[in-house]
Amino acid sequence: VVEYNVMVKAYGKAKLYDKALGLFESMRASGTWPDECTYNSLIQMLCAADLPDRAWELLRRMKEARLRPRCETFSAIISSYAQNSSADKAVEIYREMKLSGVEPNEVVYGSIIDGFAESARIEEALKYLRKMEASGLTANQIVLTSLIKAYSKASCWKEAQEVYTKIKKMDGGPDTIASNCMINLYANLGMVNEAKSIFDDLRGNGQVDGVSYATMMYLYKNMGLLDEATAIGQEAQASGLLTD
RNA sequence: GGUAAAGUCUCG
């Protein structure tokens with residue numbers, strides 16, 4: 001089994017999916033029982049290949065073999081569905097996970113919340129944020145940033161500001177990604193002053209990055225503020241944070 | 001034996 005597992009994992013990492021799956025079949029044919037590690041490797045491989053349906057099928061077979069999937073196994077399938085615009089299926093796996101007695105961790109909640117955020121399904125994103133907190137986990141910067149994205153997609157800038165205020169109160173304050181997400185929201189709404197205010201904060205404390213610059217340039221260009229766009233572009237070049 | 005996974009721009 002161990003030798004097979006090493007090879008299955010190697011094929012999976014090399015993205016040789018058919019080889020890995022073929023090895024899995026020959027294991028069963030030769031009477032070698034795939035273990036939890038075998039299934040884990042294959043499921044994670046299929047999820048990375050954006051084939052969550054096939055991963056789910058393997059999960060079923062794993063359970064039939066009376067093996068107990070662990071958090072990372074469920075987590076891989078959930079994040080694959082969430083990134084697939086299939087948040088509902090992600091939730092199905094989440095339920096299956098809980099029924100199996102495995103407690104979802106903050107990454108699982110992060111995946112689900114972001115899946116809903118991506119589709120601007122605010123109420124459902126909030127629902128899972130509440131479930132996360134009810135389970136004893138703390139809303140972290142990542143899920144709150146996803147929430148800002150959800151509001152951003154719905155153009156609810158006031159609600160997004162409230163979330164951002166909450167992040168500001170966290171220790172260490174907003175990270176670059178959270179701030180960039182707010183800049184992006186303002187950029188999409190043409191709120192130049194608000195965007196610039198956050199951008200200036202980032203510049204002031206050295207947290208600015210290439211995405212910050214790119215987003216500000218996008219905003220200025222869309223607003224027809226070509227001088228400002230050019231100035232930011234030159235500053236970005238000089239900072240070495242942009243490649244083009 | 002393995003020891004992962006969730007959030008921001010543009011283009012794909």
Side-chain angles (χ1 to χ4, degrees), chain A residues 1-13 20 23 27 32 34-48 50 52 55 69-84 87 90 93-94 97 102 104-118 125 128-129 132 137 139-153 160 163-164 167 170 174-188 195 198-199 202 207-222 229 232-233 236 241-244:
Chain A
V1 198
V2 171
E3 287 83 355
Y4 270 117
N5 285 345
V6 173
M7 290 175 68
V8 166
K9 186 144 199 151
Y11 278 136
K13 280 200 161 183
L23 212 48
M27 280 177 82
T32 308
D35 66 6
E36 184 193 301
C37 177
T38 321
Y39 281 101
N40 257 329
S41 301
L42 288 168
I43 287 172
Q44 293 192 38
M45 173 189 82
L46 291 169
C47 290
D50 196 26
R70 288 179 304 170
C71 183
E72 55 263 44
T73 310
F74 290 109
S75 177
I77 306 178
I78 288 169
S79 76
S80 192
Y81 274 129
Q83 290 171 350
N84 225 353
I93 304 288
Y94 165 85
M97 182 177 189
V102 179
N105 64 12
E106 61 179 349
V107 176
V108 167
Y109 283 104
S111 300
I112 293 174
I113 291 167
D114 191 59
F116 285 125
E118 195 60 53
Y128 280 89
L129 181 57
M132 180 181 183
L137 297 168
N140 59 29
Q141 192 140 184
I142 293 184
V143 298
L144 293 178
T145 302
S146 289
L147 195 56
I148 290 175
K149 176 167 78 172
Y151 284 129
S152 171
K153 304 238 175 216
V163 178
Y164 191 65
I167 295 178
M170 296 174 62
D175 64 17
T176 304
I177 296 181
S179 298
N180 284 345
C181 196
M182 279 306 287
I183 293 176
N184 185 246
L185 158 80
Y186 291 135
N188 285 328
I198 294 186
F199 180 72
L202 286 179
Q207 287 196 85
V208 72
D209 74 356
V211 175
S212 323
Y213 279 111
T215 310
M216 287 304 290
M217 282 166 61
Y218 166 87
L219 164 63
Y220 284 139
K221 256 202 303 191
N222 281 348
I232 288 290
L241 289 167
L242 273 195
T243 44
D244 51 347

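In this entry the distance linking CD1 of A:I113 with P of B:rU8 reads 14 Å, nearest Å. Atoms CD1 (A:I232) and P (B:rC9) sit 18 Å apart, rounded to a whole Å. To the nearest angstrom, C1' of B:rC9 lies 13 Å from CG of A:L202. Look at CG on A:L219: it is 14 Å from C1' on B:rU10, rounded to the nearest Å. Here the C1' atom of nucleotide B:rA5 and the CG atom of A:D114 are 13 Å apart, to the nearest Å. Distance, A:N40 CG to B:rA5 C1': 12 Å, rounded to whole Å. For the pair A:I183 CD1 and B:rU10 P, the interatomic distance rounds to 13 Å; values are reported in whole Å. Separating the CE atom of A:M45 from the C1' atom of B:rG2 is a distance of 15 Å, rounded to the nearest angstrom.
Contact between A:P69 and A:V102 at its shortest, heavy atoms only, is O-CG2, 3.8 Å. Residue A:L147 comes nearest to A:A125 through the heavy atom pair CD1-CB, 4.4 Å, listed as atom of the first residue, atom of the second, then distance.
Within 3.5 Å, no donor on the side chain of A:N140 pairs with an acceptor on the base of B:rG7, nor the reverse. Put simply, the side chain of A:S146 and the base of B:rG7 share no donor and acceptor less than 3.5 Å apart. With hydrogens and angles left out, the side chain of A:N105 and the base of B:rA6 share no donor-acceptor pair within 3.5 Å.
Residue A:T145 is classed as a base contact, given a heavy-atom separation below 4.0 Å to a base. Using a 4.0 Å heavy-atom criterion, one finds that A:S75 contacts the bases of the nucleic acid, with or without backbone contacts as well. Residue A:V6 is in sugar-phosphate contact alone, with no base atom involved, counting any heavy-atom pair closer than 4.0 Å across all strands shown. Residue A:Q44 is classed as a sugar-phosphate contact, given heavy-atom separations below 4.0 Å to backbone atoms only. Among the atoms of the strands shown, base atoms are found under 4.0 Å from some heavy atom of A:E106.
To the nearest 0.5 Å, atoms OG1 (A:T145) and CG (A:N140) are separated by 8.5 Å. Atoms OG1 and CE, on A:T215 and A:M182 in that order, are 13.0 Å from each other to the nearest 0.5 Å. One distance of note links CE of A:M217 with CD1 of A:I232; it measures 8.5 Å at 0.5 Å rounding.
When the nucleotides B:rA5, B:rC9, B:rU8 are ranked by their closest atom to the side chain of A:N180, B:rU8 comes out on top. Checking B:rA6, B:rC9, B:rA4 against every side-chain atom of A:E72, the shortest atom distance belongs to B:rA4. Taking every side-chain heavy atom of A:V143 into account, B:rA6 is the closest of B:rA6, B:rG7, B:rU3. The A:R70 side chain lies nearest to B:rG2 when the options are B:rG2, B:rC9, B:rG7. Relative to the side chain of A:E118, the nucleotides B:rU8, B:rG2, B:rA6 differ in distance, and B:rU8 lies closest. Of the candidate nucleotides B:rU8, B:rG7, B:rA6, B:rG7 has the atom lying nearest to any side-chain atom of A:Q141. Listed nucleotides: B:rG2, B:rA6, B:rC9. Nearest to the side chain of A:S79: B:rA6.
Residues A:Y213 and A:F199 place their aromatic rings such that the two centres sit under 6.0 Å apart.
For B:rU8, the OP1/OP2 oxygens have a side-chain nitrogen or oxygen of A:K149 closer than 4.0 Å.
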